[in-house]
Each structure stands twice: as structure tokens, then as C-alpha cells.
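Down below is the structure, laid out as C-alpha cells.
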Amino acid sequence: MKKLWKAVSLGLCGILSAGIIAGCGSDNTAVDKNTLKFGVTNFADTLEPTQNYFGWVVMRYALGECLTKFDEKMNVQPWLAESWSISDDHLTWTFKIRDNVKFSNGNPLTAEAVKASIERAFAKNTRAATFFEYTEMKADGQNLIITTTKPQPNMPGFLADPLFIIVDVTAEQQGRNFASEGPVCTGPYKVESFVKEKAVMVRNENYWDGEVPFERVEIPSIDDPNTRAMALQSGEVNFAVNIAAGDIDLFRNNDEFYIDEISSLRTVLARINQKGVLGDPKVRAAFISACDRENYNNVLLKGTFIPGKAPVPPSMDYGFDQLKDPNAYNPERSKQLLAEAGWSDSDGDGILDKNGQPLSVDFVVYNSRAELPLYAEAVQADAKKVGINVNIKSVDYNLIDKMGIDGEYDLLISNITTANTGDPEIYLSWYWKTNHNGDNPQNGSGYSNPQLDSVLDQLSVEFDKEKRRQLIIEAQQIIMNDGAALFLGYPQTNIVSSKGLDGVVMYPSDYYWLTNKIKPANS
């Protein structure tokens, strides 16, 4: 993986807005030895790890851990499993569970407890079966043995996904409400209180993997990026994630802050529903060609995003430069394609129409990431130039997953980690493999291409890394040729911290924000 850059901090109090200047006098190198304060954006209104994608928050808040984890180069590493092996027929995986681990309530982590937790994830979320299906799962001492229905080359990577956070199922059986009280897990911190607006974590005295530096961690959810930057400047929080493009310079050249900034594994895209007007391949191609993605990213977002083209970002080695974009920016081509598809402006209002119906689409977005409404507004303006009306509909993030599954959109924005299991296989399959009678629920767009299905089927059982790479490149080109989505851009991601802290790192997986490695400097 290539990190396009990794910067160490800095910011100029003298150029801050009046609203921020008041915080400039704060000594941000001073950190309370007992209480850590962490500014985040939070999309979860519960801590039930199997609901929606809320397992991400459970892991980001250092509550939950999986059998495996990813390092800074997205290599799979042991976590709650100390080792694993696969049978000669590639169908049975054996994971050796660590002996010295306890849940935060003091119960021992056994292979039987792990089995119950994974079974719970399968029972509560249909997405689990899109990773793998098993014919048998059993515990033998501290060995968890899983036999799958077909070879699964990336099984250790699958089990690093936060959907498979290991929880103590017996705690729920005894009356604990995981949604409101938080699940009982094995991480360095446990829940004292949680509402969407603020979580409070306290030290897990039973933690197995080293010292837990802070007695308490306060995690306010600060969705507005300007407010999050102000909170960091004023010392209200000690570190914060994803400082926006317009605010990051406030922390450069400032000896009170570090910036850990990397090219992420994320793609910002608009999924395209093929069951409506965008089902016409010419209209779809015209729409994508109308969008000036170079301008969006280099000008509107000040170069903090790379212009979009392909499903997988250039931060990973999956052929970005060799992929050909058949729908690169070309508004004149857009107009020609729309004319060929039978659309014209019969009433002179600037919006094309056909059979008495205007060419109008709904673009569903959510606002908790600062760049998303900016992208939508830019797309709206460019589409209008070629005669397409775009209605922007803002919804709460918690509605996005269901809308994607139900196909309740023309365009649906996503900011997604494309290698949530170590490589892009799951991402490509979820969004674009044919959904046969609900067997791939994440693809609610109606998109289907048997050629792509065949490539993804081959990928799902291929163990050779170079062959996997070539199949991923081939899959991307098919998706691009079909105009299956509008790929808007690829963000950097960052975590900015007071120099009063050590161990604050932004991992490319975007899972591990708060860890027990974060501690007061020089402690």
C-alpha cells in the first residue's frame, strides 16, 4: 500500500476566525492524567455491534476486539486468536483462542464463548452470511473450528470486521442491554454511559494486553467539523478524528499538535439505481461524464481528496493507473448521449424531458461527513448544465443502509472503506454482485452483470495473491464500463492530537481510533 503522505502537524493561531481565537491561549500539551477527551463523529445511536454498522463504533471506542486485526499496512495480525491454520482441503479453519483473556465482567474468553458470539452475529445480521457461510462451527478446548461451505481465502480478514466483535453472550442472557448499556467485550475500556451525543468509557480492570493508561475517557460526538476543530484548539478535547479540509491548516506549524494524516482506503461514491431513469446506460454514462471530478477535489476540497475514477482508491495496488474511465468528464459527450437516448428540452426550461416527463433524479446524502453535501451540490450544478435536474435529499445516516438495501434512491452517496477485510473483495461483491432473491442484500440497485458475477465468484475462492489482484482489476473495469456508480473521490484521513499525548495513530482500516497505546506523553 502506498501512503501518499503522512504529515506531522502544525497551525497558525493568528489566522483563526474570531470564534476560535479564544482557544488559542490554551496549553494543549497539558493532558489530565486520569481523564482523556476524544472528539469524534458518531453515526451510532446504540452500541449493539450487530445493528447497522455500529460495530465500528464499538471498536473505535476501544470496547470491542475481534479474533484478528489489521496493522498499518493492512496485514492480518493475531488479536484474540493467537494463531490459525487451514486444512488441506481449504474448508476448515482452526483458530487458537488466547488463554489469558477475560471479558470486562471477569468471565474467561473461551472458544465456546467465541463460538456463541459469532453465532449471535449470524443470527442478528444477514450481512454476516455475505462474508462466509459455514456447515459447522465447534469449540474444542481453546480451538474454534469453522468448516465453511466453500474455500474462503480471506477468512482471517473476514473475522477482523467489526461485525464479528467478540461479546459475552451470557451477559445479555442475564439481562444486560447491549444497545443502551454497551456490550460486554474484551477491550481496554468499558461503558459507563452512552447516548449518541456523548459516550463515557472507564478502564477495564480485567484487560489482558498491557496497561490501560486512563481511568476515564469522555467521547463527545461533534458532527460539525468546524466545531470539532474549535474544541481541539481550545483544549476541550485532547485529540480528534477527521479534521476537515478547511480546518486542517489551523494545526500545521503549531508546536502544540501532531497531525497523523494518510491516504485512506475509502472511496466516496454515488451508488446508481438502475431501476429508474438511470437504468438507461446512455443516461447513466451521460450523468457520470457531466461531473467534473477534478474540479470537485482539487478546487472545492482544496486537494485533500484525489479525483474519483475507479471503485478502489489509488492508495492500494489494484491497477488504478491502468484502468480506463469510459465516462471521464466530457459535458459535450453527455449532451450527445442524452440526445441519442431521446431526451430534449421541449419547453425551453433548461431541463430535458421525454414523453412529458422531466429528466430528474433524487440524490440521497447524509451530512455527518463535511464533504458529502459539497459533492452533492457540485454534482447538482454540473448535471443542470447538461439538462438534468438533481434533487438533493438529506437523511440521517442511520437510514442509509436500509435505503441502500431497499433501493429507495436514484443516487445514494457512500463514504466506504473499500478493504474492510484486508482487500476489496467484500466491497465489490456487496455493492455490485447480482442480488438473487435477497442473497446479496447490500446490492439494492438492481445492477447485475453475469460477467462480473463470474469474476467475483473466481475471486472468492482464489488463494494466489497476484491472481486475486488481477481479478480485482478486471472486476473494477467491468463496473466502470457499465457506469454502475459515480466515483467522486478518495479522501485523506487524519487524527490530530495534543503533543501531551503519545501513541495517537490513524490506521488505514479506520477501525482503531482509541487504543490503550494512547497515553500521556513521557509517562
Side-chain angles (χ1 to χ4, degrees), residues 52 126-127 130 267-291 308 311 326-327 334 337-343 351-366 372 375-376 379-380 382-384 386-416 426-456 475-476 478-488:
N52 205 317
T126 57
R127 195 167 75 247
T130 67
T267 296
V268 180
L269 70 149
R271 287 180 263 178
I272 296 178
N273 194 327
Q274 306 214 356
K275 293 172 281 192
V277 67
L278 293 172
D280 184 328
K282 288 188 174 181
V283 176
R284 205 161 57 245
F287 191 95
I288 297 171
S289 288
C291 296
N327 298 315
S334 296
L337 286 169
L338 291 169
E340 291 174 6
W343 294 89
I351 301 301
L352 303 181
D353 55 83
K354 183 177 178 181
N355 300 324
Q357 296 297 317
L359 182 48
S360 182
V361 296
D362 291 337
F363 192 172
V364 178
V365 302
Y366 59 97
L372 302 186
Y375 274 128
V379 167
Q380 182 185 53
D382 276 349
K384 188 173 183 180
V386 301
I388 303 173
N389 179 58
V390 174
N391 299 309
I392 299 173
K393 295 192 171 183
S394 294
V395 302
D396 186 271
Y397 176 84
N398 291 325
L399 299 175
I400 290 290
D401 190 46
K402 185 177 187 301
M403 294 180 80
I405 290 170
D406 294 343
E408 296 173 349
Y409 61 90
D410 293 313
L411 297 117
L412 179 68
I413 209 153
S414 294
N415 179 322
I416 188 167
I426 288 293
Y427 155 67
L428 296 173
S429 294
W430 276 355
Y431 278 13
W432 295 292
K433 192 173 185 183
T434 300
N435 183 1
H436 293 292
N437 300 316
D439 67 348
N440 185 29
Q442 299 303 119
N443 179 9
S445 70
Y447 174 77
S448 177
N449 184 325
Q451 182 187 5
L452 178 66
D453 292 346
S454 175
V455 171
L456 293 175
Q476 289 185 85
I478 295 168
I479 290 165
M480 293 167 67
N481 290 346
D482 285 347
L486 166 60
F487 300 102
L488 291 161

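Each residue takes its place number in the sequence, starting with 1.
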Kindly say whether [Y] contributes a backbone atom to a donor-acceptor pair with the side chain of [X] at under 3.5 angstrom?
X: Tyr431; Y: Ala484; result: no
X: Ser289; Y: Ala286; result: no
X: Ser445; Y: Tyr447; result: yes
X: Gln380; Y: Val390; result: yes
X: Asn389; Y: Ile351; result: no
X: Asp410; Y: Phe363; result: no

Say you draw a straight line from [atom1] of [X] to [atom2] of [Y]; how long is it, rounded to the nearest 0.5 Å?
X: Lys393; Y: Met403; atom1: NZ; atom2: CE; result: 7.5 Å
X: Arg271; Y: Leu411; atom1: CZ; atom2: CG; result: 11.0 Å
X: Leu486; Y: Arg284; atom1: CG; atom2: CZ; result: 12.0 Å
X: Leu428; Y: Gln476; atom1: CG; atom2: CD; result: 6.5 Å
X: Thr130; Y: Asn443; atom1: OG1; atom2: CG; result: 11.5 Å
X: Asn435; Y: Lys433; atom1: CG; atom2: NZ; result: 11.0 Å

Are [X] and [Y] close enough that some pair of their side-chain heavy atoms sits under 4.5 Å apart?
X: Asn273; Y: Leu278; result: no
X: Ile479; Y: Phe487; result: yes
X: Ser448; Y: His436; result: no
X: Phe287; Y: Leu359; result: no
X: Asp482; Y: Leu452; result: no
X: Ile288; Y: Pro326; result: no
X: Trp432; Y: Ile478; result: no

Test side chain to side chain donor-acceptor pair (under 3.5 Å) on Ser429 and Asn440 and set out the steps. CA-CA 8 Å; Ser429 294; Asn440 185 29; over 6 Å; no

Can you give me the closest heavy-atom contact between [X] and [Y], atom names plus distance?
X: Val395; Y: Val364; result: CG2-CG1, 3.7 Å
X: Asn327; Y: Ala285; result: OD1-CB, 3.3 Å
X: Pro311; Y: Thr267; result: O-OG1, 2.9 Å
X: Ser334; Y: Val386; result: CB-CG1, 4.0 Å

Crowding at NZ, Lys275 (>12 non-hydrogen neighbours, <6.0 Å):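 Check passes, neighbour count above 12.
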
Around Lys354, counting heavy atoms of other residues, nucleotides and ligands shown, do more than 12 lie under 6.0 Å from its NZ?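 More than 12 heavy atoms, drawn from other residues, nucleotides or ligands, come within 6.0 Å of this atom.
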
Starting from the C-alpha separation in whole Å, work towards a yes-or-no answer on side-chain contact (heavy atoms from CB on, under 4.5 Å) for Asn391 and Ser360. CA-CA 7 Å; Asn391 299 309; Ser360 182; 3.2 Å; yes

Please name the residue in the list Leu399, Ile413, Leu412, Asp396 that meets the side chain to side chain contact (heavy atoms under 4.5 Å, CB included) test with Tyr366.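 When Leu399, Ile413, Leu412, Asp396 are each tested with Tyr366, the side chain to side chain contact (heavy atoms under 4.5 Å, CB included) holds only for Ile413.
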
Derivation and outcome, side-chain contact (heavy atoms from CB on, under 4.5 Å), residues Leu372 and Tyr397: CA-CA 12 Å; Leu372 302 186; Tyr397 176 84; over 6 Å; no

Trace of the side chain to side chain donor-acceptor pair (under 3.5 Å) decision for Asp401 with Gln442: CA-CA 8 Å; Asp401 190 46; Gln442 299 303 119; 3.1 Å; yes

